[in-house]
There are 2 protein chains.
Amino acid sequence: MPKLSPDVIDEKKLVIEEAARELFIKQGFHATSMRDIAKTAEVSLGNLYNYYETKEAIYQSIINRYSEGVNQKLGEIFEQIDEPLEPTNLRKFGEMVGELVNQHSDFWLLMYIDVLEFQNSHFRKMFEGLTDRFNRIYGDKFEAAKQRGDLRTGVDASVAFTAAYMQFFNYFLVEKLFGGNQHLGLSDDQALNHLTKIFAYGTLSEEKLAYFKKSAFGN
Amino acid sequence: MPKLSPDVIDEKKLVIEEAARELFIKQGFHATSMRDIAKTAEVSLGNLYNYYETKEAIYQSIINRYSEGVNQKLGEIFEQIDEPLEPTNLRKFGEMVGELVNQHSDFWLLMYIDVLEFQNSHFRKMFEGLTDRFNRIYGDKFEAAKQRGDLRTGVDASVAFTAAYMQFFNYFLVEKLFGGNQHLGLSDDQALNHLTKIFAYGTLSEEKLAYFKKSAFGN
DNA sequence: TAAATAAAAATGAACGTCCGTTTTTTATTA
DNA sequence: TAATAAAAAACGGACGTTCATTTTTATTTA
């Protein structure tokens, strides 16, 4: 039969990769066999090799596809946060990071596979220059806040925001994947409030805090 | 020959487990074969089964042994921190957490193996009730600080301290295992200063902060 | 103190299974 | 019908585990 159209090929690859992803996440990379993948994807074993050169190529393709999706979601989150230093926005940011973690916990498991099996070579860029990335997005806002004297002396807004991002991210990851079971002794809602408060207090000048207090944040 | 003394048996197990640990960390659990372990430990393949029932039992034994060591180190850290809310102590705490992470990064890799292969069943208890644990150690100090009005209204000391611990821990983990490469855009020293500052500002009342400012913390 | 003993430890070949990949065969359809 | 996809079979090797055998050594005996 003649060549399949690129669209059809992509669809078939998607089916294979969804099966493989499910299995990788459930039982790890090495514990998942090409036969498992073939059976789950309802494709013959040999046919897998018409679409991928090796098993690792399947893994690679999955995280490429997934990375795009997650990066897009992250972009959408950033779009919705116009004033990143406002406590209410910081809290909303934390909430959205939580959703990102929970909805795509698979993805972060794939990252741990990467750490263990491939020295994190596929995910490395995700953490490199994280602060720079935030600076590229919010740099103007950060600078304006600094000029207005909204910030604590000696506290850099981009560092603080990155730290907050990492804290939120890690909080939900521990809850979701590590069996944290309310490891802060609080519900997710309360934990978000608490963490937001700490970062707001920790970042903003007294004057700015007084201003925000009128519009009652957190608790 | 008669039974070996428990001490001798323990020594031999230690050799086996050190070999296995090295391999598990380097190439993962599934990618490490019993033959690999036997060769590295300079023991015959069959003999491994005189000491362990299965391959997983080796893994289990490794993390049991390791957990004890790490928990002890953590205990030593806590012992050295008498006033956990003092900025200088918080910073010292972060430093020691960093050393713990860097010196035992193997251990945390084993944790990721656990997450992937065993649903974190062996490490789960490490995150459960983390805040409770800190409360058990520093509860009195936290309560006293609260009574003295050292804390921000609405900020719980044990939650804040747990959050700081998680932040420090995660910071060094990302740097060590995930190729963070100064992901906060700062040296470790500067990052510690910055994070300490945020948590101090975020936790302590204005009065207490003013008091500490005289003894110049951070930066 | 030295030889004999017997029980435990150590060995490595063998087992059956499953692995990733390749090759061969069959089915499909422009 | 001819090119291509899909399926099936086959390959060599590696896997965790078992087991019959050999080696070792703490204890007993002379």
Side-chain angles (χ1 to χ4, degrees), chain A residues 1-63 110 113-114 116-118 122, chain B residues 1-63 110 113-114 116-118 122:
Chain A
M1 81 172 115
K3 259 204 169 101
L4 296 178
S5 77
D7 283 359
V8 172
I9 288 179
D10 239 39
E11 266 175 48
K12 303 209 174 203
K13 289 183 96 168
L14 188 61
V15 172
I16 293 169
E17 287 174 32
E18 272 177 354
R21 179 169 53 90
E22 185 189 312
L23 291 164
F24 285 159
I25 287 155
K26 207 191 300 172
Q27 54 196 35
F29 179 77
H30 267 100
T32 300
S33 69
M34 291 297 271
R35 284 163 184 80
D36 286 342
I37 297 171
K39 187 181 280 183
T40 305
E42 292 178 313
V43 168
S44 73
L45 173 62
N47 199 19
L48 286 178
Y49 286 88
N50 290 328
Y51 293 94
Y52 304 93
E53 295 224 320
T54 63
K55 184 177 159 188
E56 188 178 335
I58 298 179
Y59 171 79
Q60 176 98 246
S61 189
I62 288 170
I63 62 170
L110 291 174
I113 292 175
D114 199 39
L116 286 172
E117 316 259 4
F118 309 110
H122 303 102
Chain B
M1 74 187 174
K3 261 208 168 95
L4 295 178
S5 78
D7 283 359
V8 171
I9 288 179
D10 239 39
E11 265 176 49
K12 302 209 175 197
K13 289 183 96 168
L14 188 62
V15 171
I16 293 170
E17 288 175 33
E18 271 177 354
R21 178 168 55 90
E22 185 188 312
L23 292 164
F24 286 158
I25 286 156
K26 208 192 297 173
Q27 55 197 33
F29 179 79
H30 268 99
T32 299
S33 68
M34 291 297 270
R35 284 164 184 80
D36 286 342
I37 297 171
K39 186 180 282 181
T40 305
E42 292 179 311
V43 167
S44 73
L45 175 60
N47 199 22
L48 288 178
Y49 287 87
N50 289 328
Y51 293 94
Y52 305 93
E53 296 225 320
T54 62
K55 186 176 157 189
E56 187 179 334
I58 298 179
Y59 171 80
Q60 176 96 248
S61 188
I62 288 169
I63 62 171
L110 290 175
I113 291 175
D114 198 41
L116 285 171
E117 316 258 4
F118 309 110
H122 304 101

query = What is the distance from CE of M34(A) to C1' of dA8(D), rounded to the nearest Å?
reply = 16 Å
query = Does a nitrogen or oxygen in the side chain of K12(A) sit under 4.0 Å from OP1 or OP2 of dA6(D)?
reply = yes
Nucleotide dG16(D), atom P - distance to CG of N47(B) in whole Å = 16 Å
S44(A) side-chain proximity, nearest of dT18(D), dT21(C), dA7(D) = dA7(D)
ask   = Between atom NE2 in H30(A) and atom P in dG20(C), what is the gap in whole Å?
value = 9 Å
query = Nearest to the side chain of L45(B) - dA6(D), dA10(C), dA14(C)?
reply = dA14(C)
inquiry  = Without decimals, in angstroms, what is the distance between Q27(B) CD and dC15(D) C1'?
reply    = 14 Å
message = Using a 4.0 Å heavy-atom cut-off, does Y51(B) contact any base of the nucleic acid, only the sugar-phosphate backbone, or nothing at all?
response = sugar-phosphate
ask   = Is any side-chain heavy atom of Y49(B) closer than 4.5 Å to a side-chain heavy atom of M34(B)?
value = yes
key: Minimum side-chain heavy-atom gap I62(B)-L110(B) below 4.5 Å   = yes
key: Interatomic distance where CD belongs to E56(A) and C1' belongs to dG20(C) [whole Å]   = 13 Å
ask   = What nucleotide, of dT21(C), dT11(C), dA7(D), holds the atom closest to the side chain of V43(B)?
value = dT11(C)
ask   = Between atom CG in N50(A) and atom C1' in dT28(C), what is the gap in whole Å?
value = 14 Å
Side chain to side chain, D36(B) and Q27(B), heavy atoms closer than 4.5 Å = yes
request  = Please state how far atom CD in E42(A) lies from atom P in dA7(D), giving the value in whole angstrom units.
outcome  = 10 Å
Any K13(B) side-chain heavy atom under 4.5 Å of Y52(B) side chain = yes
query = Just how far, in rounded Å, is P of dG16(D) from CD1 of I58(B)?
reply = 10 Å
ask   = Which nucleotide in the set dA5(D), dC15(D), dG20(C) lies at the smallest distance from any side-chain heavy atom of R35(B)?
value = dC15(D)
ask   = Among dT22(C), dT18(D), dC15(D), which is the nearest nucleotide to the side chain of Y49(B)?
value = dT18(D)
task = May I ask you to check whether E17(B) and Y51(B) show a side-chain donor-acceptor distance below 3.5 Å?
result = no
